[in-house]
Amino acid sequence: MCGIFGYIGKNVKVSALIDGLSRLEYRGYDSCGFAGVHQGRFFLRKRPGKIAQLKKELKPVLNNQFGTAILHTRWATHGEPNKKNAHPHLGGAGNIAIVHNGIIENYMKLRSILIQEGVKFLSDTDTEVISHLIEKFYKGTIEEAVYEAVKELKGSYALGVISKREPDKLVVVRKGSPLIIGLGKDGKFLASDLPALTSLVKKVVHLEDEQIAVVSRCDTKVFNFQREQVDVKIEDIIITAEDTGKKGLAHFMLKEIYEQPQVFKRIQSLYVKNNRVCFPNINMKESYFKNIKKIYITACGTAYHAGYVGKYLLEKYCNLDIELDTSSEFRYRKVNLGKDNLLIAISQSGETADTLAAVKEAKKKGAKILSICNVLGSSLIKESHGFIHTVAGPEIGVASTKAYTAQMSAFYLFTLYLSQVKGLVDEKQSQEFLFDFEKVSQYVEDIFKDDKKMKKIARKFSRFGCFLFLGRGINYPLAMEGALKLKEISYIPAEGYAAGEMKHGPIALIDEYRGVVCIAPKDELYEKMVSNIQEIKARKGKVLGILNRGDTEASTLSDEIIYIPEFKNQDFAPFLVAVCLQLFAYHVAKNLKCEIDQPRNLAKSVTVE
Ligand code: AGP
């Protein structure tokens, strides 16, 4: 996905506009650009690379002021991350400049039509067709031209559009990609996400899908695609600048790892009252859940790993049949979904294209949608019949941490909710379950105390060229998540595997140059894990054991050990394993001097397929 920032109002310095854009850099950082209108002319600068490099290039003009500007930080979809493909893009006559987040599915067809009409394309992007279409349809006002242009487009697009000929106008469009207008006292801002606005405004307008806003210095009008004016819903901004800062820590990822204990407490206080679980926005009757027999779960990446933990919980505690699949697969499968089926979709951003597409497909077949999501007002929440807000606060680090354990928390509480609704647990069993849930934040705080040891272990294991992460049962998804965390921020190849599968191939990988992380808390599969560790040691593999304090068997075999506290119910161990593996990945990547918050090729949310 990409980050869009824009402004219209009293002149502001270029440096302030660039700073606003930089708060969206987690959305994509392959290239970036700026276009401002001044005395009937565009001032346009764009380049590959990060915003800091653009700022350096703009050094001579950082104090220049503009009253109308659009800015963009890109995650490349069509066209390499180079200067010509960087946004903003101009229309042929150079009167229109646009920035775009999303994907135009029919851009090749539009491109060939425009070329036949004599248009000269300067880039390989899908976006450029939009700027030429708006230019083509321009007959005096940007919004009229935009109305005509969007009729031709298929796909998703959040747009910011300015014209040299109408310097007092910023036209924005939302279809399938988020856009927010910030209402300041001296001007109005445009942003893809709230972190860019927290220190600038107190009031915002979340554009809805298929809306066009005409923003000028004196007013803001919103229209639907049928050109009917619609009410402008002004809302208070719900996060603070502090929420989106690093609080003095080296990386957003570390800050967000450390925030997890307070997130668990927030979730518990929000959804548990007198040992009963209640989700205010689930928007489905208890009677609906009482009789449910099967649940589908879909998500991508880390969210998928949270769904995997949820699968184990719901099968074990609610006797449910659970079908789980990644969204990019689920959306294309011919699954026999109907009105009696429930699909749970999990997404931190609520903007992941494959998950949104899977949900839309399921809705078409009549299924009910329950989303577990971290961003209110996101496309996924708008598409869902009900939702559980994970209240983790903004997650800026591209590698998901607190959102993951918050999604897990939602599943633990949803499992208890269903058990209560189905009459599968009594008061005492609910109390026992919640007793362990309440312990999570304290046990995670305990783990933070071992940070020095974690750093030492990470330093020692940083030298391995690739890793296997092994787990069983409810900890198997944690093996996958641990591997994903490590590979996406350190670029070390790592694979999460069901430990029982190791003998069916992966054991061929084991030698003294291989790091093997074995997740072996004292649960019903512990002895099996001990056997796996013995098999690894017999082949000189180097084992990092994630073990309970007081362990007497696996600890004698492991080369290094991260100890975790023991729960009464060891099904809560995944929370502690998750945090250990987040910290392990973080310190390995830090040791290797990697770009932890903005790893190469990645973006915070994949809003394109
Ligand atoms: C997580 O560390 C990754 N950045 C990625 O796998 C992410 O979880 C995935 O893209 C899903 O994002 P979402 O939760 O916003 O849908």
Side-chain angles (χ1 to χ4, degrees), residues 1 26-29 75 77 101 176-178 192-193 195 251-254 256-257 260 297-310 324-331 343-359 369 371-381 383-384 387-390 392-411 469 477-478 480-491 494 496 578-579 581-586 589 594-609:
M1 67 185 189
Y26 65 95
R27 298 174 62 88
Y29 29 89
W75 184 75
T77 54
N101 176 30
S177 292
S192 299
D193 203 351
H251 297 98
F252 281 109
M253 183 179 176
L254 188 60
E256 286 150 8
I257 289 171
Q260 291 175 108
I297 303 174
T298 198
C300 294
T302 286
Y304 169 75
H305 299 150
Y308 221 125
V309 172
L324 165 79
D325 207 344
T326 56
S327 306
S328 53
E329 287 299 313
F330 190 74
R331 62 178 289 190
L343 172 65
I344 298 180
I346 316 148
S347 174
Q348 187 286 128
S349 63
E351 302 300 342
T352 297
D354 283 321
T355 303
L356 286 173
V359 162
I369 311 296
S371 55
I372 295 177
C373 185
N374 196 40
V375 179
L376 290 177
S378 63
S379 304
L380 176 61
I381 284 186
E383 281 294 334
S384 304
F387 65 91
I388 298 173
H389 184 204
T390 49
E395 187 177 70
I396 310 295
V398 165
S400 186
T401 50
K402 63 176 182 175
Y404 172 60
T405 51
Q407 290 157 358
M408 280 175 32
S409 303
F411 267 111
F469 286 70
L478 278 294
M480 292 192 281
E481 175 59 14
L484 176 60
K485 284 287 91 55
L486 182 68
K487 71 181 120 179
E488 69 175 328
I489 63 173
S490 72
Y491 314 148
V579 172
L581 297 184
Q582 290 164 2
L583 286 169
F584 176 71
Y586 175 80
C594 294
E595 179 63 74
I596 291 169
D597 282 333
Q598 298 174 359
R600 68 184 178 198
N601 309 337
L602 289 175
K604 184 57 188 168
S605 166
V606 183
T607 55
V608 293
E609 295 158 22

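For this chain, numbers begin at 1 and follow the sequence in order. Just so you know, ligand 1 is whichever comes first in the structure, and atom 1 is the first atom listed for that ligand.
- For ligand 1, one of its N or O atoms has an N or O atom of Ser400 under 3.5 Å away.
- The protein non-hydrogen atom at the shortest distance from atom 9 (C) of ligand 1 is Cys300 O, 3.8 Å.
- Annotation: atom 14 (O) of ligand 1 to nearest protein heavy atom, Gln348 N, 2.7 Å.
- Contact annotation: Lys485 has at least one heavy atom less than 4.0 Å from an atom of ligand 1.
- Close contacts between ligand 1 and Ala399 involve ligand atoms 2 (O) [criterion: under 4.0 Å to a heavy atom].
- Remark: minimum distance from atom 12 (O) of ligand 1 to any protein heavy atom is reached at Thr352 OG1, 3.5 Å.
- Side chains of Thr298 and Asp325: a donor-acceptor N/O pair is absent below 3.5 angstrom, by distance only.
- A donor and an acceptor atom, one from each side chain of Ser349 and Ser605, are located under 3.5 Å apart.
- Closest to atom 3 (C) of ligand 1 among all protein heavy atoms lies Glu488 OE1, 3.4 Å.
- Proximity of a side-chain donor or acceptor of Asp597 to a complementary backbone N or O of Phe252 within less than 3.5 Å is detected.
- Looking at heavy atoms from C-beta onward, Phe411 lies in side-chain contact with Ile346 at the 4.5 angstrom threshold.
- The single protein non-hydrogen atom nearest to atom 10 (O) of ligand 1 is Val606 CG2, 4.2 Å, given as residue, atom name and distance.
- The closest side-chain donor-acceptor pair between Gln260 and Gln582 falls under 3.5 angstrom.
- Any N or O atom pair closer than 3.5 Å counts here, and Ser347 shares at least one such pair with ligand 1.
- Note that the NZ atom of Lys402 and the CE atom of Met253 stand 13.0 Å from one another [nearest 0.5 Å].
- Minimum interatomic distance between Met1 and Ala603 (heavy atoms only, all atoms of both residues): N-CB, 3.9 Å.
- Inclusion of Ser349 in the set of residues having an N or O under 3.5 Å from an N or O of ligand 1 is warranted.
- Which parts of ligand 1 touch Ala303 is read off a 4.0 Å heavy-atom cut-off, strictly below it: atoms 8 (O), 14 (O).
- Aromatic rings from His305 and Tyr404 are positioned such that their centres are separated by 6.0 Å or more.
- The shortest N/O to N/O separation between Val398 and ligand 1 falls below 3.5 Å.
- Taking every non-hydrogen atom of Thr302 and a distance limit under 4.0 Å, the qualifying atoms of ligand 1 come out as 1 (C), 2 (O), 6 (O), 8 (O).
- In this model, a donor atom of one side chain and an acceptor atom of the other lie less than 3.5 Å apart for Thr302 and Lys485.
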